[in-house]
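The structure under discussion appears below in the form of structure tokens.
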2 protein chains.
Amino acid sequence: MRLTSKGRYGVSAIVDINNHGKEGKPVTLAAISERQFISLSYLEQLFRSLRAGGLVRSVRGPGGGYFLARPASEITIANVIQAVNEPIRTTLCENAVRGCHRGKRCDTHELWDAMGKHIYRFLDAVSIEMVCQKEVDLNNLELKPVEDIVTEVRMEQKIAKVS
Amino acid sequence: MRLTSKGRYGVSAIVDINNHGKEGKPVTLAAISERQFISLSYLEQLFRSLRAGGLVRSVRGPGGGYFLARPASEITIANVIQAVNEPIRTTLCENAVRGCHRGKRCDTHELWDAMGKHIYRFLDAVSIEMVCQKEVDLNNLELKPVEDIVTEVRMEQKIAKVS
DNA sequence: ATAAATCTGATTGTTTTAGTCAAGTATTTT
DNA sequence: AAAATACTTGACTAAAACAATCAGATTTAT
């Protein structure tokens with residue numbers, strides 16, 4: 001799971017749907033584009049992923065647009081970020097390298113592992129609904145215990161080359 | 001503050017110095033290069049920043065190398081990451097944009113702000129010494145209260161373009 | 001039919017990052 | 001003094017990731 005502005009836009013878009021999707025009417029990308037200052041074509045690309053990730057439902061044709069596929073309280077920030085980043089990234093021997101050479105974990109392995117879990121616990125604790133309800137104090141959340149965390153956040157884009 | 005593999009390498013290097021710098025002898029980049037599988041030239045670049053950031057002291061000439069500039073217990077992961085990323089990034093009107101258009105904060109402003117603080121609290125709570133002492137449980141740290149946090153972690157690389 | 005929307009693929013451009021190269025300077029050893 | 005060691009610096013290159021676009025196809029309400 002990577003933290004990029006793509007994820008940020010994805011969250012903005014989902015939040016926008018929750019804030020402006022009134023009375024059973026779907027929200028159009030054009031409307032999101034205007035309110036969130038994201039280009040229509042880029043939104044199209046984002047919603048490709050969001051739809052594939054099961055976060056939104058679409059209605060085609062005039063009067064169409066997008067709904068949230070489930071209640072805002074059941075969509076976490078982690079869900080959104082994961083959805084928009086998913087496309088590629090599916091190579092074999094993925095975690096074979098990960099900075100640790102030839103089987104032995106590097107001295108900092110536990111550190112990055114813990115950091116990833118720490119970040120994920122936050123993103124997993126915040127729902128779209130919480131972002132929309134301005135009362136919630138995002139700085140003092142109840143986080144799930146570490147044991148329950150499976151997915152983690154990665155730091156690296158590239159892998160170290162030797163000498 | 002950005003989370004990239006550059007920061008990861010920086011931490012690996014600093015940890016290496018702490019682990020292998022025995023009996024008042026400085027540690028050479030060549031030694032770090034071999035042990036941590038980082039190219040010498042890349043280490044040179046990294047240590048330029050680490051030195052500028054006041055984290056290491058250098059000794060030139062044969063028998064030279066690098067020391068930690070202060071005890072490992074007083075160097076945090078946040079310190080290291082900040083040091084290696086610092087170079088550019090000093091433009092004017094920096095946080096003028098930040099995803100929020102024309103003065104009004106966007107709907108997700110508080111979210112990303114809270115996330116940044118959350119990440120920073122972790123990185124600021126972990127010292128190099130803690131990483132080296134394998135006994136410490138990095139998953140259950142005592143973090144500083146949010147009020148004390150000033151620096152934050154950014155998510156975005158680029159800024160949204162409008163329509 | 002037409003227009004409003006989503007959908008799909010392929011592709012482009014830009015930035016950032018990772019990494020290299022070459023030429024220095026300082027210091028110690030011999 | 002010479003030579004070797006090691007840091008120092010600046011400039012440069014390559015490649016990946018990311019942001020963004022485009023052209024066209026499909027669906028559906030009116």
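Just so it is clear: chains get the letters A, B, ... in the order the sequence lines come, proteins before strands, and each one is counted from 1. Here the structure is a predicted model, which is why all the values come from computation and not from measurement.
- Side chain A:Arg60 to base C:dT6: a donor-acceptor pair is found below 3.5 Å.
- Judged by closest nucleotide on DNA chain D, B:Ala30 is the one of A:Val59 and B:Ala30 placed further toward the 5' end.
- Look at NZ on B:Lys25: it is 15 Å from C1' on D:dA6, rounded to the nearest Å.
- Each of A:Pro62 and A:Phe47 was assigned the nucleotide of DNA chain C with the nearest heavy atom; the assignment lying further toward the 5' end belongs to A:Pro62.
- Taking atom CG of residue A:Leu43 and atom P of nucleotide C:dT8, one finds them 16 Å apart after rounding to whole Å.
- In this structure a side-chain-to-backbone donor-acceptor pair under 3.5 Å is missing from B:Asn19 to B:Asp16.
- Side-chain nitrogen and oxygen atoms of A:Thr4 include none within less than 4.0 Å of the OP1 or OP2 phosphate oxygen of D:dA17.
- Taking CD1 from B:Ile128 and OG1 from B:Thr76, the interatomic distance works out to 7.5 Å, rounded to the nearest 0.5 Å.
- Residue whose closest nucleotide on DNA chain C sits further toward the 5' end, between A:Gly65 and A:Gln45: A:Gly65.
- Residues A:Gly61 and B:Val27 each lie close to DNA chain D; by heavy-atom proximity, the contact nearer the 5' end of the strand is made by B:Val27.
- Closest contact between the side chain of A:Tyr9 and the listed nucleotides C:dA4, D:dA20, C:dT20 involves D:dA20.
- For A:Tyr66 and C:dC7, the shortest distance from a side-chain N or O to OP1 or OP2 is below 4.0 Å.
- Going from atom CG of A:Leu29 over to atom P of C:dC7 covers 8 Å, rounded to whole Å.
- Heavy-atom minimum distance, A:Ala125 versus A:Glu142: CB-O, 4.1 Å.
- The CD atom of B:Glu44 sits 16 Å away from the P atom of C:dG24 (whole-angstrom rounding).
- In this structure, B:Leu50 places its CG atom 11 Å from P of D:dT8, rounding to the nearest Å.
- Here C:dT25 presents its P atom at 16 Å from CZ of B:Arg48, a figure rounded to the nearest Å.
- Per the geometry, OH belonging to A:Tyr42 stands 20 Å off P belonging to D:dA23, to the nearest Å.
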Apply side-chain contact (heavy atoms from CB on, under 4.5 Å) to A:Ile119 and A:Leu3, showing your working. CA-CA 10 Å; A:Ile119 297 176; A:Leu3 300 180; 4.1 Å; yes
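- Using modelled atom types and a 3.5 Å distance limit, the side chains of A:Ser58 and A:Arg51 yield a donor-acceptor pair.
- Residue B:Thr28 places none of its side-chain N or O atoms closer than 4.0 Å to OP1 or OP2 of D:dT5.
- For the pair B:Lys6 NZ and C:dT20 P, the interatomic distance rounds to 14 Å; values are reported in whole Å.
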